[in-house]
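The block underneath contains the structure these notes are about, expressed in C-alpha cells.
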Amino acid sequence: MPHAGAPISRRALLAQGAGIVVFTLAGGAASQARASAAPPDAADDAFGMLVDLTECIGCRSCVYACQEVNGWRGDPERPEPDGEQWTAVREVAVPGHPDEVRYVRTQCFHCLDPACASACPVAALRKTPDGPVAYEADRCIGCRYCMVACPFHIPRYQWDRALPLVAKCAFCARRLAAGEIPACAEACPTGATLFGKRSELVAQARRRIREHPDRYVDRIYGAVEAGGTSWLYLSDVPFEKLGFPAVGASAPGEFTRPVMAKVPAVALGVAGLMAAVRWLEGGREAGEAGRPPAGKEREP
Amino acid sequence: MKELAQHAAPGTMVLRGLSERVASIGWGRLVLWAVALSGAAAMVYRLGWGLGASTNLSDDWPWGWWIAVDVMGGVALAAGAFVVAAWVHVFGRHRYEVLAKPAVLTGFLGYLMVVVGLLMDIGRPYRIWHPIVMWQPHSVMFEVAWCVMCYTTVLALEFSPVAFEGLGWRRAARRVRRAIVPLVILGVMFSTLHQSSLGSLLLIAPYRMNPLWYSPLLPVFYFASAVAAGLATVQLEASAAGRFYGHRVGSALMEGLSRGLVWVLVLNAALRVADWVVRGTGPWMGPVTLESALAAAEVGLGMLVPAALLAVRSLRRRSAVRLWAAWMVVAGVLMNRIDSSLVAMRQSASSAYWPSVLEFVVTAGIIAGGMLAYDCVARHWPLFEAAAEPTPERAAAEHHRKTVEAPAS
C-alpha cells in the first residue's frame, strides 16, 4: 500500500546505511593495513653517535665540517641550530662553578621511534634502517607539526624564505650510504663525538661510567629518552643543568598511535549509531502518523 | 530624485550618487568589505614574503594565532552544522528544520574559512593536496587533512539544495534532498572524527604541554566542547538572522536549544574537573598563575556560569540572557583552543609569542569574507524559506498534521 510522501523507506535506509558501512570499512581496512607497518625497532646494528661532553673542547670543528658538507653559510658560533645550520655548540656555565664551562653540541637526536615521523602527515620524515631520521623535502607541505611534536625542539624552519623547508641534521645519510662516517665525527679532534653501531656505543658508554664513576653522572642521555635515540650523551654535569629537556621514556608517537588505531571503529560506531537512531525514529514517526512502518509499504 | 539631480551641479550629483550607493550597500557591508580587502592584501604579503616576514612565529613557536583561532577555533564554531542537522534529520526533531539550512551554511562557510586559514599557515600552500596521495596513517595531521577534505565536501552537498533552488535547478535540489539522511550521517561521522582529532593533535606533545591542558582525554574534550560551541553559534546566528534578515525563529526553539546547551555544558565541565581530579592537577592547585586563571575561566565563565543562567527557566526565556550565555560559551571555547594550543606550550618555550598585526588582519579578513558570503547567500538564495520540495520525512510530518490532527479541514 504505497503512500504519497512517505518517509524514507527502511529498505532504502538500510541500503544507504550499508553503503556507509562498506565505505568506512574500506577506508578503515586501508588505514589498518598501513598501520600494521610498525615503526622500526631499536635495531641494534643501526648506526649511532656517542657525544662525551667531558671530552669536548669547544673547537667547533664539527660545526665547520657540517657546514662544508652541507653547503650552508652562517656564523658557526651560533649557540643553537637553525634553518641554515644543522649542528651548533653552546657554551654553558656549570652551575655553582662560574669559571667552568661545558660545550653542549645540539642537533637532531635521531630517535628510534621519532615523534616527527609519526606526526608528519605526508611521511616527509621517516626513520631509515641505518639510523638516520631522513627528511624528504619534496613531500613537505610546511605544516610544522613535526616541530610541535619533537620533544627535543629540534626541527627548525627557514623563516626568512618565502617557500621555507624544515631543516635538521641528516646524520650524513648520504655519506653513510657511501661507506663514510659523518663529517662531524670525522672532524672531531678529541674523540668527543664517536661514531659506531648504537649497541656498541651503549656498551662503551656503560663501560666508561663503570670505570670512571667519579667522572660521569650515572646516566646515558638518549638511552631511554623518548623511546631511545640514536645519539647518546655522556656528561659529568647533570643533564638538566646543561639545558637538556626533561623527556620521559615513552616515544610521543605512543600517545597518538592508539588513538589513530581507533579511528575506523569510531567512524563505524558513530555511523551505525546514527543509522540505528534514524531507523527507530523513522518507525516512531510512521507509527505516529497512524500508518504501518514504512518498510512494509511495498509488500503485497 | 532625478528631477532634483537635473538642477544640481555635477559635483553634487556625484557626491549624492555616492552617498545613495553607500546607503544601498549599507555601512555594515562597507566595513566588512574594507576589512575583507585588508585581509586579502595581508594574505598577498604573507604569500609573497613568507611566514617569517609576516608573522611572529619562530622555532620556539611553530604554531601561533592562525592555528589556534582560524583552524582550531573555526572548526569548533562550525560544529553547529552537524549538531543541528543530526537533530533534525537523524533524531527527527523537524521543528528545528528552520535552523538547519542556515546552520549548514555557517558550517560550510566556516570550513572554507578554515581552509583559507590553513593555506595561509602552511609553508608551501601549493602542496596542500599532498596528503591525498602521500599517506602516513599514524599521523593525526593526516586524519585532520582527510576529515577537512571529506567533511567540506559533505557540507557542500548538504547545502547544495539551497544553491540549486536559488539557481532554479529544481530536479537537482530534489535529488540531493532524497539523499539527505545518509549525507547527514556521513557528516556526523566526519565531524566526530575531525573535532576530536584536533584535540588528538596535541597528544603528541606530552613533554611540552602544561598538565592543566595535556590529558589523554583531549580528543573527548575537543569534541564535547565543539558541540557546545556549535549550539551557541547557532543561537547567535539565529539572532543575527532575525535582526538583519527579518528571519525570526520562534523563541520556543531557541529555549529548546538553550535547554540542550545546559546539559552539554554541564557534561563538559564535569569531564574537565573529573580529569583534573584524577590526574592530580587543576587550577586550584598551587599559586595563581596566568595558566591557572585561564583554565579556571574556561570552565567557570565558559561553562558553569552560562549553564547556570540557562538552567533557570525565567532567565532562559529572555533572549538577552540567551545571547549573553551564547557569547560566553563561544568565548570560552575559543579561549580553550588558544590556551591548549598556545598558552600550554609556554612552559617549554624559551621566548614569548604575541601575534603580529598582520596575523590579526588576516584573521579579521577571513571572518569578514565569511560574513559577506553568508550575506550574499541570504539575500539571493532561499536560505530562510521553507524548501519548495520538502524532504520526505518532512512531507510525512505535514501529511500527518493534515490527515490526523485536522482531518475536518
Side-chain angles (χ1 to χ4, degrees), chain A residues 5-8 13 16-17 19-20 24 31 34-35 82 115 118-123 139-145 147-149 151 153 156-157 159-165 245-248 252-253 255-257 259-260 263 266-267 270-271 274-275 277-278 281-282 284-286 288-290, chain B residues 47-53 57-60 62-63 86 89-92 121-124 127-128 130-131 134-145 179 181-182 184-186 188-189 192-193 196 200-201 203-208 216 219 348 392-393 395-400 403-404:
Chain A
I8 287 185
L13 191 79
Q16 289 163 349
I20 291 174
T24 319
S31 80
R34 289 297 192 105
D82 65 20
S118 146
C120 181
V122 291
R139 300 174 81 100
C140 179
I141 61 174
C143 70
R144 306 185 300 287
Y145 188 34
M147 301 174 72
V148 174
H153 305 245
R156 304 295 153 122
Y157 209 54
W159 294 106
D160 51 347
R161 301 194 183 182
L163 294 174
L165 287 169
V247 175
F255 299 94
T256 50
R257 272 193 298 268
V259 176
M260 291 307 294
V263 164
V266 170
V270 168
M274 289 298 120
V277 168
R278 176 69 209 126
E281 286 298 321
R284 181 183 62 83
E285 282 164 23
E288 269 181 10
Chain B
L47 292 174
W49 279 261
L51 283 168
L57 297 173
S58 64
D59 287 328
D60 250 349
W63 282 1
H89 294 290
V90 175
F91 289 83
D121 192 80
I122 66 173
R124 304 228 165 193
R127 291 180 177 172
I128 196 162
H130 275 194
M134 300 174 191
W135 285 30
Q136 210 295 62
H138 291 312
S139 162
V140 184
M141 190 60 93
F142 176 77
E143 186 199 348
V144 168
V181 170
V184 168
I185 292 179
L186 270 182
V188 174
M189 188 183 95
T192 309
L193 292 179
S196 59
S200 314
L201 276 179
L203 285 178
I204 205 150
Y207 308 124
R208 301 180 75 142
S348 62
E393 68 263 38
E398 288 290 323
H399 181 73
H400 167 67
T403 54
V404 181

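Order of the sequence lines fixes the chain letters, A, B, ..., with proteins taken first and strands second; residue numbering starts at 1 for each chain. All values derive from a computational prediction rather than experimental measurement.
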Do the non-hydrogen side-chain atoms of B/R127 and A/V122 ever get within less than 4.5 Å of each other?
-> no
Roughly how far, to the nearest 0.5 Å, is NE2 of B/H130 from SG of A/C140?
-> 9.5 Å
Below 4.5 Å from any heavy atom of chain B, which atoms of A/C120 appear? Answer side chain, backbone, both or neither.
-> backbone
Answer with side chain, backbone, both or neither: which region of A/V148 has an atom nearer than 4.5 Å to a non-hydrogen atom of chain B?
-> both
B/L186 CG to A/M274 CE distance, which is reported to the nearest 0.5 Å = 12.5 Å
Top residue by heavy-atom pair count (under 4.5 Å) with chain A, among B/G50, B/P62, B/G52?
-> B/P62
Are side-chain heavy atoms of B/L203 and A/V259 found at a separation under 4.5 Å?
-> yes
Region of A/R161 in contact with chain B, defined by heavy-atom distances below 4.5 Å | backbone
Is a side-chain donor or acceptor of B/D121 paired with a backbone partner of A/C143 at a separation under 3.5 angstrom?
-> no
Contact winner vs chain B - A/R139, A/M147, A/E281, heavy-atom pairs under 4.5 Å | A/R139
Is there a donor-acceptor contact under 3.5 Å from the side chain of B/R124 to the main chain of A/L163?
-> yes
Stepwise side chain to side chain contact (heavy atoms under 4.5 Å, CB included) test for B/M134 and A/I141 = CA-CA 11 Å; B/M134 300 174 191; A/I141 61 174; over 6 Å; no
Could you go through the side chain to side chain contact (heavy atoms under 4.5 Å, CB included) check for B/H138 and A/R257 one step at a time?
-> CA-CA 6 Å; B/H138 291 312; A/R257 272 193 298 268; 3.6 Å; yes
Could you look at B/A145 and say if it's the side chain, the backbone, both or neither that has a heavy atom under 4.5 Å from chain A?
-> neither
dist A/D160:CG -> B/L51:CG (nearest 0.5 Å) comes out at 11.5 Å
Side chain / backbone / both / neither for B/S196 at chain A, heavy atoms under 4.5 Å = neither
With A/D82 via salt bridge (Lys or Arg N to Asp or Glu O under 4.0 Å) - residues at least two apart = A/R78
Test B/S200 against A/T256 for side chain to side chain contact (heavy atoms under 4.5 Å, CB included), laying out the working first.
-> CA-CA 7 Å; B/S200 314; A/T256 50; 5.7 Å; no
Does the side chain of A/Y157 reach to within under 4.5 Å of the side chain of B/L57, using non-hydrogen atoms?
-> no
What part of B/P206 lies closer than 4.5 angstrom to a heavy atom of chain A: side chain, backbone, both or neither?
-> side chain
Which of parallel (below 30°), tilted (30 to 60°) and perpendicular (above 60°) describes A/F255 and B/Y207?
-> perpendicular
Could you tell me which residues satisfy side-chain hydrogen bond (donor to acceptor under 3.5 Å, both in side chains) with B/R208, sequence neighbours excluded, listed by chain and number?
-> A/H153
Would you mind telling me which of A/P164, A/A246, A/A149, A/P245 has the largest number of heavy-atom pairs within less than 4.5 Å of chain B?
-> A/P164
